[in-house]
Asks: 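Next up is a structure, given as C-alpha coordinates.
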Amino acid sequence: MALRFEVRKTDPSGARLGRLITPHGVVDTPAFMPVGTAATVKGLTQQALEELGVQILLCNTYHLYLRPGHERIGRVGGLNHFMSWPRAILTDSGGYQVFSLAELREVSDAGVRFRSHLDGSEHLFTPEKAIDVQIALGADVLMALDECIEYPASHERARAAAGRTFEWARRSREHLAAHGSAAEQALFGIVQGGTYRELRQQNAEQLLELDFPGYAVGGLAVGEPHTLTCEMAAEVTARLPADRPRYLMGVGKPEDLADYVRLGIDLMDCVLPTRNARNGCLFTSQGRLLIKNARYAEDPRPLDEACTCLVCRSYSRAYLRHLFLAHEILAAVLHTHHNLHFYLDIMRRIREAIEFGDLAGFSAEFQARLEAEP
RNA sequence: UCCCCGGUAGCUCAACGGUAGAGCAUUCGGCUGUUAACCGAAGGGUUGUAGGUUCGAGUCCUACCCGGGGAG
(Lines give C-alpha, C1' and ligand atoms only; values in the text may rest on other atoms or scores of the structure.)
Protein backbone atom coordinates (compact mmCIF):
# COMPACT_ATOMS: atom_id res chain seq x y z
CA MET A 1 0.00 0.00 0.00
CA ALA A 2 1.32 3.34 -1.08
CA LEU A 3 -0.23 5.18 1.75
CA ARG A 4 -0.79 4.38 5.39
CA PHE A 5 -2.97 6.39 7.66
CA GLU A 6 -2.93 6.08 11.40
CA VAL A 7 -5.40 7.81 13.65
CA ARG A 8 -3.57 8.38 16.90
CA LYS A 9 -6.39 10.01 18.76
CA THR A 10 -9.97 11.05 18.15
CA ASP A 11 -11.33 14.01 20.05
CA PRO A 12 -14.92 13.91 21.37
CA SER A 13 -15.63 16.71 18.90
CA GLY A 14 -14.73 14.40 16.06
CA ALA A 15 -11.30 15.92 15.46
CA ARG A 16 -8.60 13.39 14.66
CA LEU A 17 -4.91 13.45 15.36
CA GLY A 18 -3.10 11.26 12.89
CA ARG A 19 -0.20 10.44 10.65
CA LEU A 20 -0.26 10.03 6.92
CA ILE A 21 2.68 7.89 5.91
CA THR A 22 3.68 8.44 2.30
CA PRO A 23 6.63 7.28 0.18
CA HIS A 24 8.00 10.79 0.72
CA GLY A 25 7.67 11.02 4.44
CA VAL A 26 5.18 11.42 7.21
CA VAL A 27 2.49 14.05 7.30
CA ASP A 28 1.18 14.92 10.73
CA THR A 29 -2.55 15.49 10.51
CA PRO A 30 -4.65 17.54 10.59
CA ALA A 31 -2.40 19.19 8.02
CA PHE A 32 -2.50 22.21 5.82
CA MET A 33 -1.07 21.79 2.33
CA PRO A 34 0.36 24.93 0.74
CA VAL A 35 -0.61 25.34 -2.89
CA GLY A 36 2.20 25.08 -5.40
CA THR A 37 0.18 24.98 -8.59
CA ALA A 38 3.00 25.22 -11.10
CA ALA A 39 5.50 23.21 -9.06
CA THR A 40 6.30 26.22 -6.93
CA VAL A 41 4.74 27.91 -3.96
CA LYS A 42 5.04 31.34 -5.49
CA GLY A 43 7.74 33.32 -3.74
CA LEU A 44 9.30 30.58 -1.64
CA THR A 45 12.11 28.12 -2.22
CA GLN A 46 11.56 24.47 -1.44
CA GLN A 47 14.21 24.83 1.26
CA ALA A 48 12.19 27.57 2.88
CA LEU A 49 9.09 25.35 2.77
CA GLU A 50 10.99 22.56 4.49
CA GLU A 51 12.23 24.95 7.14
CA LEU A 52 8.68 26.14 7.70
CA GLY A 53 7.78 22.53 8.40
CA VAL A 54 5.66 21.87 5.32
CA GLN A 55 5.22 18.12 5.00
CA ILE A 56 3.01 17.95 1.94
CA LEU A 57 2.50 20.23 -1.03
CA LEU A 58 -0.34 20.49 -3.49
CA CYS A 59 0.52 20.82 -7.15
CA ASN A 60 -1.77 21.02 -10.15
CA THR A 61 -2.18 18.40 -12.84
CA TYR A 62 -3.74 20.68 -15.43
CA HIS A 63 -1.16 23.42 -15.10
CA LEU A 64 1.83 21.07 -15.17
CA TYR A 65 0.33 19.16 -18.09
CA LEU A 66 0.20 22.38 -20.09
CA ARG A 67 3.58 23.61 -18.93
CA PRO A 68 6.19 22.20 -18.87
CA GLY A 69 4.30 18.98 -19.75
CA HIS A 70 3.88 15.86 -17.65
CA GLU A 71 5.93 13.73 -20.02
CA ARG A 72 8.86 16.09 -19.71
CA ILE A 73 8.58 16.01 -15.92
CA GLY A 74 8.41 12.23 -16.12
CA ARG A 75 11.53 12.08 -18.27
CA VAL A 76 13.54 14.22 -15.89
CA GLY A 77 12.71 12.03 -12.94
CA GLY A 78 9.25 12.97 -11.70
CA LEU A 79 7.88 15.97 -9.89
CA ASN A 80 9.71 15.49 -6.59
CA HIS A 81 13.06 15.34 -8.31
CA PHE A 82 12.21 18.00 -10.89
CA MET A 83 11.34 20.60 -8.29
CA SER A 84 13.75 19.33 -5.68
CA TRP A 85 11.06 18.68 -3.11
CA PRO A 86 11.83 15.58 -1.03
CA ARG A 87 8.57 15.47 0.89
CA ALA A 88 5.06 14.43 -0.04
CA ILE A 89 3.07 15.82 -2.94
CA LEU A 90 -0.63 15.69 -3.70
CA THR A 91 -1.65 16.56 -7.24
CA ASP A 92 -5.02 18.06 -7.83
CA SER A 93 -6.69 16.62 -10.88
CA GLY A 94 -7.71 19.71 -12.79
CA GLY A 95 -11.23 19.39 -11.45
CA TYR A 96 -11.11 22.85 -9.98
CA GLN A 97 -10.18 24.24 -13.39
CA VAL A 98 -13.54 22.90 -14.56
CA PHE A 99 -14.93 25.54 -12.24
CA SER A 100 -12.43 28.37 -12.52
CA LEU A 101 -11.81 28.25 -16.27
CA ALA A 102 -15.54 28.26 -16.98
CA GLU A 103 -15.29 30.30 -20.19
CA LEU A 104 -12.54 28.08 -21.54
CA ARG A 105 -14.06 24.65 -21.23
CA GLU A 106 -16.89 22.33 -22.11
CA VAL A 107 -17.88 19.43 -19.85
CA SER A 108 -19.39 16.16 -21.04
CA ASP A 109 -19.57 12.63 -19.68
CA ALA A 110 -16.41 11.83 -21.61
CA GLY A 111 -14.41 14.51 -19.84
CA VAL A 112 -13.56 18.18 -20.05
CA ARG A 113 -12.46 19.93 -23.20
CA PHE A 114 -10.26 22.88 -22.28
CA ARG A 115 -8.89 25.68 -24.32
CA SER A 116 -5.49 26.38 -22.85
CA HIS A 117 -5.38 29.68 -20.99
CA LEU A 118 -1.78 29.95 -22.20
CA ASP A 119 -2.07 29.60 -25.96
CA GLY A 120 -5.70 28.76 -26.73
CA SER A 121 -4.91 25.21 -27.86
CA GLU A 122 -7.58 22.57 -27.22
CA HIS A 123 -7.12 19.66 -24.82
CA LEU A 124 -9.42 16.88 -23.79
CA PHE A 125 -9.08 15.95 -20.14
CA THR A 126 -10.70 12.63 -19.36
CA PRO A 127 -10.52 10.88 -15.99
CA GLU A 128 -8.05 8.47 -17.55
CA LYS A 129 -5.95 11.28 -18.97
CA ALA A 130 -5.84 13.00 -15.57
CA ILE A 131 -4.57 9.74 -14.04
CA ASP A 132 -1.96 9.28 -16.77
CA VAL A 133 -0.67 12.78 -16.18
CA GLN A 134 -0.56 12.25 -12.43
CA ILE A 135 1.25 8.95 -12.84
CA ALA A 136 3.90 10.72 -14.90
CA LEU A 137 4.19 13.44 -12.29
CA GLY A 138 4.59 10.78 -9.62
CA ALA A 139 2.78 12.37 -6.71
CA ASP A 140 2.06 10.44 -3.53
CA VAL A 141 -1.62 11.29 -3.58
CA LEU A 142 -3.62 11.58 -6.79
CA MET A 143 -7.03 13.14 -7.11
CA ALA A 144 -9.72 11.80 -9.40
CA LEU A 145 -11.04 14.24 -11.97
CA ASP A 146 -14.26 15.77 -10.68
CA GLU A 147 -16.77 18.38 -11.66
CA CYS A 148 -16.71 21.30 -9.27
CA ILE A 149 -19.75 23.50 -9.70
CA GLU A 150 -20.49 27.08 -8.79
CA TYR A 151 -22.63 28.35 -5.91
CA PRO A 152 -25.50 28.65 -6.03
CA ALA A 153 -26.36 25.77 -8.34
CA SER A 154 -29.68 24.07 -8.92
CA HIS A 155 -30.41 20.65 -7.44
CA GLU A 156 -30.50 19.20 -10.92
CA ARG A 157 -27.15 20.65 -11.81
CA ALA A 158 -25.59 19.51 -8.52
CA ARG A 159 -27.08 16.04 -8.96
CA ALA A 160 -25.72 15.73 -12.48
CA ALA A 161 -22.24 16.92 -11.48
CA ALA A 162 -22.14 14.56 -8.50
CA GLY A 163 -23.21 11.66 -10.67
CA ARG A 164 -20.63 12.47 -13.27
CA THR A 165 -17.97 12.89 -10.60
CA PHE A 166 -18.79 9.45 -9.22
CA GLU A 167 -18.61 7.85 -12.64
CA TRP A 168 -15.30 9.58 -13.26
CA ALA A 169 -14.02 8.35 -9.90
CA ARG A 170 -14.90 4.79 -10.88
CA ARG A 171 -13.08 5.16 -14.20
CA SER A 172 -10.10 6.80 -12.51
CA ARG A 173 -9.75 3.96 -10.05
CA GLU A 174 -9.99 1.32 -12.75
CA HIS A 175 -7.48 3.09 -14.92
CA LEU A 176 -4.95 3.46 -12.12
CA ALA A 177 -5.38 -0.21 -11.16
CA ALA A 178 -4.81 -1.27 -14.75
CA HIS A 179 -1.62 0.72 -14.85
CA GLY A 180 -0.28 -0.92 -11.72
CA SER A 181 0.76 2.36 -10.11
CA ALA A 182 -1.66 1.94 -7.26
CA ALA A 183 1.14 0.38 -5.26
CA GLU A 184 3.09 3.64 -5.17
CA GLN A 185 0.41 6.26 -5.64
CA ALA A 186 -2.79 6.56 -3.67
CA LEU A 187 -5.91 7.83 -5.42
CA PHE A 188 -8.52 9.82 -3.52
CA GLY A 189 -12.12 9.98 -4.64
CA ILE A 190 -14.01 13.25 -4.39
CA VAL A 191 -17.51 13.79 -3.06
CA GLN A 192 -19.58 16.43 -4.79
CA GLY A 193 -23.27 17.31 -4.43
CA GLY A 194 -23.36 21.08 -4.17
CA THR A 195 -25.15 22.35 -1.09
CA TYR A 196 -27.76 19.58 -0.99
CA ARG A 197 -27.57 17.28 2.01
CA GLU A 198 -29.06 14.21 0.41
CA LEU A 199 -26.86 14.57 -2.66
CA ARG A 200 -23.80 14.76 -0.43
CA GLN A 201 -24.94 11.69 1.52
CA GLN A 202 -25.72 9.67 -1.57
CA ASN A 203 -22.54 10.68 -3.34
CA ALA A 204 -20.43 9.81 -0.30
CA GLU A 205 -22.07 6.43 0.21
CA GLN A 206 -21.77 5.61 -3.46
CA LEU A 207 -18.12 6.51 -3.46
CA LEU A 208 -17.42 4.26 -0.45
CA GLU A 209 -18.19 1.24 -2.58
CA LEU A 210 -15.13 2.02 -4.65
CA ASP A 211 -12.97 1.72 -1.54
CA PHE A 212 -10.52 4.56 -1.99
CA PRO A 213 -7.49 4.92 0.29
CA GLY A 214 -8.69 8.44 1.05
CA TYR A 215 -11.68 10.68 0.42
CA ALA A 216 -12.06 14.32 -0.42
CA VAL A 217 -14.92 16.74 -0.02
CA GLY A 218 -14.98 19.00 -3.05
CA GLY A 219 -17.07 21.80 -4.41
CA LEU A 220 -17.20 23.77 -1.19
CA ALA A 221 -15.92 27.23 -0.24
CA VAL A 222 -16.99 28.51 -3.62
CA GLY A 223 -19.06 31.37 -2.21
CA GLU A 224 -21.53 29.72 0.15
CA PRO A 225 -21.71 30.78 3.81
CA HIS A 226 -19.26 29.14 6.19
CA THR A 227 -22.04 27.41 8.15
CA LEU A 228 -23.22 25.75 4.95
CA THR A 229 -19.68 24.62 4.16
CA CYS A 230 -19.52 23.00 7.58
CA GLU A 231 -22.95 21.43 7.22
CA MET A 232 -22.05 19.83 3.92
CA ALA A 233 -18.64 18.66 5.10
CA ALA A 234 -20.23 17.15 8.22
CA GLU A 235 -22.77 15.36 6.09
CA VAL A 236 -19.93 13.69 4.25
CA THR A 237 -17.43 12.99 7.03
CA ALA A 238 -20.16 11.30 9.07
CA ARG A 239 -20.29 8.63 6.39
CA LEU A 240 -16.62 8.18 5.67
CA PRO A 241 -14.63 5.32 7.22
CA ALA A 242 -12.65 6.37 10.25
CA ASP A 243 -9.47 4.73 9.03
CA ARG A 244 -9.13 6.75 5.83
CA PRO A 245 -7.84 10.28 5.52
CA ARG A 246 -10.36 12.99 4.69
CA TYR A 247 -9.43 15.99 2.65
CA LEU A 248 -11.57 19.13 2.50
CA MET A 249 -10.52 20.79 -0.72
CA GLY A 250 -9.77 24.47 -1.06
CA VAL A 251 -10.23 25.71 2.49
CA GLY A 252 -9.98 27.91 4.35
CA LYS A 253 -9.75 31.10 6.33
CA PRO A 254 -7.51 30.94 9.42
CA GLU A 255 -10.44 31.30 11.79
CA ASP A 256 -12.28 28.44 10.08
CA LEU A 257 -9.57 25.77 10.09
CA ALA A 258 -10.40 24.41 13.54
CA ASP A 259 -14.07 24.14 12.56
CA TYR A 260 -13.16 21.81 9.73
CA VAL A 261 -10.86 19.79 11.95
CA ARG A 262 -13.74 19.31 14.38
CA LEU A 263 -15.76 17.84 11.54
CA GLY A 264 -13.11 15.15 11.22
CA ILE A 265 -11.12 16.67 8.39
CA ASP A 266 -7.45 15.63 8.16
CA LEU A 267 -6.19 17.56 5.15
CA MET A 268 -6.87 21.03 3.80
CA ASP A 269 -5.34 23.31 1.23
CA CYS A 270 -5.98 26.88 0.23
CA VAL A 271 -4.44 29.64 -1.83
CA LEU A 272 -5.43 32.27 0.71
CA PRO A 273 -2.17 32.42 2.67
CA THR A 274 -0.05 32.60 -0.49
CA ARG A 275 -2.20 34.66 -2.81
CA ASN A 276 -3.26 37.12 -0.15
CA ALA A 277 0.36 37.46 0.88
CA ARG A 278 1.29 38.60 -2.61
CA ASN A 279 -1.65 40.98 -2.56
CA GLY A 280 -0.57 42.56 0.72
CA CYS A 281 -3.04 40.86 3.06
CA LEU A 282 -1.29 39.41 6.07
CA PHE A 283 -2.86 37.05 8.56
CA THR A 284 -2.01 37.78 12.16
CA SER A 285 -3.19 36.71 15.57
CA GLN A 286 -5.03 40.05 15.70
CA GLY A 287 -6.79 39.55 12.39
CA ARG A 288 -6.05 40.58 8.83
CA LEU A 289 -3.52 43.31 8.28
CA LEU A 290 -3.53 45.18 4.96
CA ILE A 291 0.05 46.29 4.70
CA LYS A 292 -0.64 49.07 2.19
CA ASN A 293 -2.75 50.98 4.71
CA ALA A 294 -1.24 54.40 5.36
CA ARG A 295 -1.26 53.83 9.11
CA TYR A 296 1.65 51.41 8.80
CA ALA A 297 3.89 53.85 6.93
CA GLU A 298 6.12 54.42 9.95
CA ASP A 299 5.05 51.53 12.14
CA PRO A 300 8.18 49.94 13.62
CA ARG A 301 6.36 46.86 14.90
CA PRO A 302 6.48 43.44 13.27
CA LEU A 303 3.43 42.20 11.38
CA ASP A 304 2.41 40.14 14.38
CA GLU A 305 3.99 40.68 17.76
CA ALA A 306 2.97 37.17 18.77
CA CYS A 307 4.64 35.58 15.74
CA THR A 308 8.05 33.92 15.84
CA CYS A 309 8.63 33.69 12.09
CA LEU A 310 11.74 34.97 10.38
CA VAL A 311 9.88 37.95 8.96
CA CYS A 312 8.39 39.03 12.27
CA ARG A 313 11.76 38.63 13.96
CA SER A 314 13.48 40.89 11.45
CA TYR A 315 11.30 43.39 9.64
CA SER A 316 9.00 46.26 10.51
CA ARG A 317 5.58 46.95 9.06
CA ALA A 318 7.00 50.20 7.72
CA TYR A 319 9.64 48.34 5.73
CA LEU A 320 7.27 45.66 4.46
CA ARG A 321 4.82 48.36 3.39
CA HIS A 322 7.57 50.11 1.49
CA LEU A 323 8.56 46.88 -0.27
CA PHE A 324 4.95 46.18 -1.19
CA LEU A 325 4.21 49.65 -2.53
CA ALA A 326 7.46 49.63 -4.47
CA HIS A 327 6.40 46.32 -6.04
CA GLU A 328 9.56 44.74 -4.79
CA ILE A 329 9.73 40.96 -5.16
CA LEU A 330 10.91 40.65 -1.58
CA ALA A 331 7.49 41.79 -0.39
CA ALA A 332 5.91 38.69 -1.93
CA VAL A 333 8.64 36.49 -0.50
CA LEU A 334 8.42 37.80 3.04
CA HIS A 335 4.63 38.05 3.11
CA THR A 336 4.23 34.50 1.82
CA HIS A 337 6.71 33.26 4.39
CA HIS A 338 4.80 34.90 7.20
CA ASN A 339 1.34 33.82 6.08
CA LEU A 340 2.38 30.21 5.60
CA HIS A 341 4.11 30.23 8.96
CA PHE A 342 0.86 31.53 10.44
CA TYR A 343 -1.22 28.76 8.86
CA LEU A 344 1.24 26.03 9.78
CA ASP A 345 1.42 27.34 13.31
CA ILE A 346 -2.36 27.18 13.61
CA MET A 347 -2.29 23.58 12.46
CA ARG A 348 0.51 22.69 14.85
CA ARG A 349 -1.44 24.20 17.72
CA ILE A 350 -4.62 22.45 16.66
CA ARG A 351 -2.75 19.14 16.71
CA GLU A 352 -1.39 19.92 20.15
CA ALA A 353 -4.85 20.87 21.35
CA ILE A 354 -6.27 17.56 20.16
CA GLU A 355 -3.42 15.73 21.83
CA PHE A 356 -4.04 17.52 25.12
CA GLY A 357 -7.80 17.34 24.74
CA ASP A 358 -8.39 21.07 24.57
CA LEU A 359 -9.49 21.87 21.06
CA ALA A 360 -12.37 23.91 22.43
CA GLY A 361 -9.93 25.95 24.45
CA PHE A 362 -7.78 26.58 21.43
CA SER A 363 -10.71 27.83 19.37
CA ALA A 364 -11.99 30.11 22.11
CA GLU A 365 -8.58 31.65 22.59
CA PHE A 366 -8.08 32.04 18.87
CA GLN A 367 -11.42 33.75 18.34
CA ALA A 368 -10.88 36.04 21.31
CA ARG A 369 -7.56 37.22 19.91
CA LEU A 370 -9.01 37.81 16.47
CA GLU A 371 -11.67 39.99 18.00
CA ALA A 372 -9.22 41.90 20.18
CA GLU A 373 -8.14 45.42 19.37
CA PRO A 374 -5.03 45.44 17.12
C1' U B 1 15.36 90.84 -29.38
C1' C B 2 12.76 87.74 -32.84
C1' C B 3 10.71 82.90 -34.48
C1' C B 4 8.75 77.94 -33.34
C1' C B 5 6.63 74.28 -29.87
C1' G B 6 4.27 73.54 -25.37
C1' G B 7 1.38 74.82 -20.49
C1' U B 8 -5.33 70.22 -18.83
C1' A B 9 -5.75 65.78 -11.90
C1' G B 10 0.29 64.83 -7.70
C1' C B 11 3.02 62.83 -12.54
C1' U B 12 2.87 61.53 -18.00
C1' C B 13 -0.65 62.65 -21.44
C1' A B 14 -5.95 62.46 -24.15
C1' A B 15 -10.26 65.32 -25.48
C1' C B 16 -14.07 67.24 -34.86
C1' G B 17 -16.12 74.57 -31.08
C1' G B 18 -20.94 70.92 -27.73
C1' U B 19 -21.47 67.18 -20.34
C1' A B 20 -12.98 67.62 -19.35
C1' G B 21 -10.99 61.68 -19.57
C1' A B 22 -7.05 57.66 -19.22
C1' G B 23 -2.69 55.36 -17.17
C1' C B 24 0.32 55.76 -13.06
C1' A B 25 0.34 57.78 -8.04
C1' U B 26 -2.86 58.46 -3.48
C1' U B 27 -6.79 56.43 -0.04
C1' C B 28 -9.83 52.21 0.92
C1' G B 29 -11.72 47.28 -0.03
C1' G B 30 -11.79 42.17 -1.97
C1' C B 31 -9.26 37.44 -2.77
C1' U B 32 -11.06 29.88 -0.33
C1' G B 33 -8.64 22.33 -4.74
C1' U B 34 -4.18 29.93 -8.31
C1' U B 35 -6.19 32.00 -15.74
C1' A B 36 -4.47 36.25 -9.72
C1' A B 37 3.01 40.15 -7.74
C1' C B 38 -4.35 40.26 -9.24
C1' C B 39 -9.22 42.67 -9.23
C1' G B 40 -12.50 46.62 -7.67
C1' A B 41 -14.08 51.39 -5.56
C1' A B 42 -13.26 56.35 -4.06
C1' G B 43 -11.02 61.17 -3.71
C1' G B 44 -8.61 64.50 -6.83
C1' G B 45 -9.65 70.08 -12.13
C1' U B 46 -11.39 78.16 -11.73
C1' U B 47 -7.84 73.44 -18.45
C1' G B 48 -0.97 79.18 -16.89
C1' U B 49 -3.27 84.54 -16.32
C1' A B 50 -6.40 88.54 -18.20
C1' G B 51 -9.51 89.94 -21.96
C1' G B 52 -12.22 88.99 -26.66
C1' U B 53 -15.25 86.20 -30.62
C1' U B 54 -19.46 82.66 -30.15
C1' C B 55 -25.92 80.34 -28.24
C1' G B 56 -21.60 77.65 -26.33
C1' A B 57 -14.18 78.05 -25.70
C1' G B 58 -9.44 73.22 -22.99
C1' U B 59 -10.10 74.03 -28.34
C1' C B 60 -10.51 80.22 -32.19
C1' C B 61 -8.26 85.58 -31.53
C1' U B 62 -5.10 89.28 -28.57
C1' A B 63 -1.77 90.45 -24.68
C1' C B 64 1.01 88.84 -20.79
C1' C B 65 3.46 84.89 -17.57
C1' C B 66 6.18 80.20 -17.36
C1' G B 67 9.05 75.97 -19.69
C1' G B 68 11.78 73.88 -23.97
C1' G B 69 14.11 74.55 -28.74
C1' G B 70 16.05 77.63 -32.75
C1' A B 71 17.98 82.29 -34.93
C1' G B 72 20.83 86.50 -33.90
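Lettering of chains follows the sequences in order, A, B, ..., and the numbering in each one begins at 1. Only heavy atoms go into these numbers, but all of them, side chains included; no hydrogens, no water, no symmetry mates.
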Asks: Does A/Asn293 or A/Val271 map to a spot on RNA chain B nearer the 5' end, using the closest nucleotide for each?
Replies: A/Asn293
Asks: How would you label the contact of A/Leu90 with the nucleic acid (heavy atoms, under 4.0 Å): base, sugar-phosphate, or nothing?
Replies: nothing
Asks: Classify A/Ala294 by what it touches in the nucleic acid, base, sugar-phosphate, or nothing, heavy-atom distance under 4.0 Å.
Replies: sugar-phosphate
Asks: Taking ILVMFWY side chains as joined if any heavy atoms are under 4.5 angstrom apart, and letting links pass through other members, which residues group with A/Val26?
Replies: A/Ile21
Asks: When the P atoms of B/C39 and B/A71 are considered, how many whole Å apart are they?
Replies: 48 Å
Asks: Taking atom C1' in both B/U54 and B/G17, compute the distance separating them and give it to the nearest angstrom.
Replies: 9 Å
Asks: B/G6 and B/A14: how far apart are their C1' atoms, nearest whole angstrom?
Replies: 15 Å
Asks: Please, which pairs that meet salt bridge (Lys or Arg N to Asp or Glu O under 4.0 Å) have at least one residue in residues 18-36 of chain A, sequence neighbours excluded?
Replies: A/Glu6-A/Arg19
Asks: Can you list the residues that meet the side-chain contact (heavy atoms from CB on, under 4.5 Å) rule with A/Ala15, with sequence neighbours excluded?
Replies: A/Asp11, A/Ser13, A/Val261, A/Ile354, A/Leu359
Asks: How far does the P atom of B/G23 sit from the matching atom of B/C61, given to the nearest Å?
Replies: 32 Å
Asks: Suppose you measure atom C1' in B/G44 against the same atom in B/C3; what distance do you get, rounded to whole Å?
Replies: 38 Å
Asks: Suppose we define a pair by two distances each less than 3.5 Å, Watson-Crick or G-U wobble; what does B/A36 pair with here?
Replies: none
Asks: Measure the acute angle between the ring planes of A/Phe32 and A/Tyr343, then classify it against the limits of 30° and 60° as parallel, tilted or perpendicular.
Replies: tilted
Asks: The criterion is ring pair (Phe, Tyr, Trp, His ring centres under 6.0 Å); which residues satisfy it with A/Tyr151, sequence neighbours excluded?
Replies: none
Asks: Regarding A/Asn60, tell me which of base, sugar-phosphate or nothing describes its non-hydrogen contacts under 4.0 Å with the strands shown.
Replies: sugar-phosphate
Asks: Do other residues, nucleotides or ligands put more than 12 heavy atoms under 6.0 Å from A/Glu122 CD?
Replies: yes
Asks: Within the structure shown, what part of the strands sits under 4.0 Å from A/Thr274 by heavy-atom distance: base, sugar-phosphate, or nothing?
Replies: base
Asks: Ring pair (Phe, Tyr, Trp, His ring centres under 6.0 Å) with A/Phe166: which residues, sequence neighbours excluded?
Replies: none
Asks: Taking the C1' atom of each, how far is B/G43 from B/A36, in whole Å?
Replies: 26 Å
Asks: If the condition is side chain to side chain donor-acceptor pair (under 3.5 Å), which residues does A/Glu147 pass it with, not counting sequence neighbours?
Replies: A/Arg164
Asks: Determine the contact category for A/Gly219: base if any of its heavy atoms lies under 4.0 Å from a base atom, sugar-phosphate if only primed atoms, P, OP1 or OP2 are that close, otherwise nothing.
Replies: base
Asks: Take atom P in B/C5 and the same atom in B/A41, then report the distance between them in whole Å.
Replies: 40 Å
Asks: Using the six-membered ring wherever Trp is involved, compare the ring planes of A/His226 and A/Tyr260 and label them parallel, tilted or perpendicular (cut-offs 30° and 60°).
Replies: perpendicular
Asks: Using heavy-atom distances to pick each residue's nearest nucleotide on RNA chain B, tell me which of A/Asn276 and A/Val35 is more 5'.
Replies: A/Asn276
Asks: Under the rule for side-chain contact (heavy atoms from CB on, under 4.5 Å), what residues qualify as partners of A/Pro23, not counting sequence neighbours?
Replies: A/Asp140, A/Glu184
Asks: Is A/Gln192 touching bases, backbone alone, or none of the nucleic acid, heavy atoms closer than 4.0 Å?
Replies: base
Asks: Which of residues 100-112 of chain A sit near RNA chain B, with a heavy atom under 4.0 Å from it?
Replies: A/Ser100, A/Leu101, A/Glu103, A/Leu104
Asks: Which is the 5'-most and which the 3'-most nucleotide of RNA chain B that has an atom under 4.0 Å from a heavy atom of chain A?
Replies: B/A25 to B/C38
Asks: Considering residues at least two apart in sequence or located in another chain, which fulfil the ring pair (Phe, Tyr, Trp, His ring centres under 6.0 Å) criterion with A/His24?
Replies: none
Asks: Which parts of residues 122-129 of chain A get close to RNA chain B, meaning a heavy atom less than 4.0 angstrom away?
Replies: none
Asks: Which residues pass the ring pair (Phe, Tyr, Trp, His ring centres under 6.0 Å) test with A/His81, not counting sequence neighbours?
Replies: none
Asks: Say you pick atom C1' in B/U46 and the same atom in B/A42; how far apart are they, in whole Å?
Replies: 23 Å
